[in-house]
2 protein chains.
Amino acid sequence: MRIVKEAEARRNEILDAADELFGQKGFDGTSTNDILSKVGIARGTLYHHFKSKEDIMDALIERYSSKMLGAAQAIALDTTIPVVERILRAVMAMNISSGNGGESSREIMEHIHRPQNALMHQKIQKIIVNGVPPILTPIVREGIQQGVFNTPYPYESMEMIIIYANTIFDEEMVEMTGEVRMSRILAFIANVERLLGAEVGSLMSVMQAFGGDRGDERGNE
Amino acid sequence: MRIVKEAEARRNEILDAADELFGQKGFDGTSTNDILSKVGIARGTLYHHFKSKEDIMDALIERYSSKMLGAAQAIALDTTIPVVERILRAVMAMNISSGNGGESSREIMEHIHRPQNALMHQKIQKIIVNGVPPILTPIVREGIQQGVFNTPYPYESMEMIIIYANTIFDEEMVEMTGEVRMSRILAFIANVERLLGAEVGSLMSVMQAFGGDRGDERGNE
DNA sequence: CCATTACAGACCGACTGTCTGTCGGTTATA
DNA sequence: TATAACCGACAGACAGTCGGTCTGTAATGG
């Protein structure tokens, strides 16, 4: 049967289906026919709304990353929060979907880190590497003025921190057991203190007071 | 016509052809037919030597990375070289093909960083992230004993340095003009000094004395 | 104010070309 | 004579195309 909907609604239907399928079977492992039958539309319809399969992926990434960066930006601009805590919360806002119980794009991040999704992984990595440091660096500069941090290279330090964290806490990249993971986190915090020129132990105490068992432990599902 | 060769020779012929084609057109953009006609063999022959197209890529990566890590390891074990210089030379040994004018696997690294080669990029990244720090960390420990370095986390620091350098100096990941690139390198050196606990400016001077215009400037082709 | 026409754009599904991987058979070598 | 290298026709699956259909809406005319 033939059901006509508004373009925007149909597009989102397709994206939702693709989101779930890519998560389950990966981008290469998902055929356009899979998407077609899941949404219940014909081939032509899909290609009426998207110009290619990769175009679907790009739209999915766009939908996800704009939410992610937007959430982080919102927190970054709230100058009432102390700098260290603000950085932490901005980072956390990015990991956990869009913050408010968003229904879509929710699963994407959990399934990105898979060999089949290498291209998607790379594209998101690029967005993070280029998008996150500009958001967090102003907070670091604020911290420098307050005397909490001390570095001549706030942007580059932040960049290094983001890239490292994003790579090392990727299950597929570096396999770790629970204990090794914990020691990595400790070392990471110490290294961040050195890079940002924070007092030794200052980040550790804030993290414990703030997050407890959360913090940087994403991916322990 | 039908030419019979030893398995090893044929395998390398196929790998050499694939190396060049993947470099030119990417993994996805290269069809098995491209490889077939380039080598001058039939489909069955290719699948007699390799079980899949991805298997070819894996063999290519294996051939390349074993040379790369081997060259780095050789330098790392030469304790006659001062620690800082040894780290530098070990890193340089990895970037520049296999060191001695090897004919094969020569091009791979120059073309890895392309959207089409996301999977290959990811696999090599994984090898670097997991393979390089174990080679370089002993040198850092040596440096700590000598008082050149000072860090409670030599492995994790090295890991952070490697991951960052490998990502940031990737043309596809972060687009940079010449000037920005230079400032990134300066910041990078300063941050490495902080992470390893080296004296401020100590790495800079060694790099200048040692490499001049080389050092970390891979990819300025 | 209703009926008719015109149009845009959402939708369809058969079809095409291409690709990877298979398989039974053939030729060379030890 | 057995093993291994080699061949190429073929099957199955896939992404993307294209001519054509349906539907809601807006303009036109009585």
Side-chain angles (χ1 to χ4, degrees), chain A residues 1-61 63 114-120 122-123, chain B residues 1-61 114-120 123:
Chain A
M1 55 186 148
R2 184 192 179 95
I3 302 176
V4 178
K5 303 197 177 187
E6 289 207 355
E8 180 82 10
R10 190 60 99 185
R11 256 183 84 93
N12 276 322
E13 264 188 304
I14 294 169
L15 288 178
D16 289 341
D19 189 2
E20 193 172 332
L21 288 169
F22 290 172
Q24 287 166 8
K25 321 204 294 186
F27 178 75
D28 289 340
T30 301
S31 71
T32 48
N33 281 323
D34 291 339
I35 301 173
L36 260 34
S37 58
K38 178 152 191 134
V39 181
I41 55 175
R43 276 196 95 56
T45 307
L46 188 139
Y47 283 91
H48 174 71
H49 292 283
F50 296 93
K51 69 181 239 291
S52 70
K53 194 183 164 192
E54 185 166 349
D55 190 36
I56 296 175
M57 183 177 71
D58 288 340
L60 216 45
I61 291 173
R63 197 173 71 162
R114 293 252 294 282
Q116 295 158 328
N117 296 11
L119 183 56
M120 206 185 320
Q122 194 178 60
K123 288 186 175 185
Chain B
M1 55 185 146
R2 185 191 179 94
I3 301 176
V4 179
K5 302 196 177 186
E6 289 208 357
E8 181 81 10
R10 191 61 99 186
R11 256 183 83 93
N12 276 322
E13 264 187 305
I14 295 169
L15 288 178
D16 290 341
D19 189 2
E20 193 173 333
L21 288 168
F22 289 173
Q24 287 166 9
K25 321 205 296 185
F27 178 75
D28 289 341
T30 301
S31 71
T32 49
N33 281 323
D34 292 337
I35 300 174
L36 261 33
S37 57
K38 177 152 192 136
V39 181
I41 55 175
R43 283 199 85 61
T45 307
L46 187 139
Y47 282 90
H48 174 71
H49 292 282
F50 296 93
K51 69 182 238 288
S52 70
K53 192 182 165 193
E54 185 166 349
D55 190 35
I56 297 174
M57 183 177 72
D58 289 341
L60 217 46
I61 291 172
R114 294 249 295 282
Q116 297 156 329
N117 296 10
L119 183 55
M120 205 185 320
K123 287 187 175 185

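The analysis underlying the following values was restricted to heavy atoms, covering all of them including side chains, and did not include hydrogens, waters or symmetry mates. Everything numeric in this text was worked out from a predicted model, so none of it was measured. Proteins get letters first, then strands, A, B, ... in listed order; numbering begins at 1 in each.
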>> Closest approach to the side chain of H48(A), judged atom by atom: which nucleotide of dC7(D), dA5(D), dC11(C) is it?
In response: dC11(C)
>> Tell me which pairs pass ring pair (Phe, Tyr, Trp, His ring centres under 6.0 Å) where either residue lies in residues 24-43 of chain B, with sequence neighbours left out.
In response: F22(B)-F27(B)
> Which of the following nucleotides, dG9(C), dG8(D), dG13(C), is nearest to the side chain of A42(B)?
Replying inline: dG8(D)
> How many Å lie between CD1 on I14(B) and P on dC6(D), as a whole number?
Replying inline: 8 Å
> When you check every protein heavy atom under 4.0 Å of nucleotides 20-30 of chain C, what one-letter string (B, S, -) results, 5' to 3'?
Replying inline: BBBB--BBS--
>> My understanding is that only residues two or more places apart in sequence, or in another chain, count here; which of them pass side chain to side chain donor-acceptor pair (under 3.5 Å) with D28(B)?
In response: none
>> My understanding is that only residues two or more places apart in sequence, or in another chain, count here; which of them pass side chain to side chain donor-acceptor pair (under 3.5 Å) with T45(A)?
In response: none
> Taking only residues at least two apart or on different chains, which pairs with a member in residues 32-42 of chain B satisfy salt bridge (Lys or Arg N to Asp or Glu O under 4.0 Å)?
Replying inline: E20(B)-K38(B), K25(B)-D34(B)
> Taking CD1 from I35(A) and P from dC12(C), how many angstroms apart are they, rounded to a whole number?
Replying inline: 15 Å
>> What is the distance, to the nearest angstrom, from the CG atom on L46(A) to the P atom on dA14(C)?
In response: 17 Å
>> Taking salt bridge (Lys or Arg N to Asp or Glu O under 4.0 Å) as the cut-off, I'd like each qualifying pair that reaches into residues 44-56 of chain A, sequence neighbours left out, listed once.
In response: E54(A)-K123(A)
> What's the CZ-P distance between R10(A) and dG24(D), to the nearest Å?
Replying inline: 13 Å
>> If you compare all heavy atoms of A59(A) against all heavy atoms of L15(A), which two are closest, and at what distance to 0.1 Å?
In response: CB-CD2, 3.8 Å
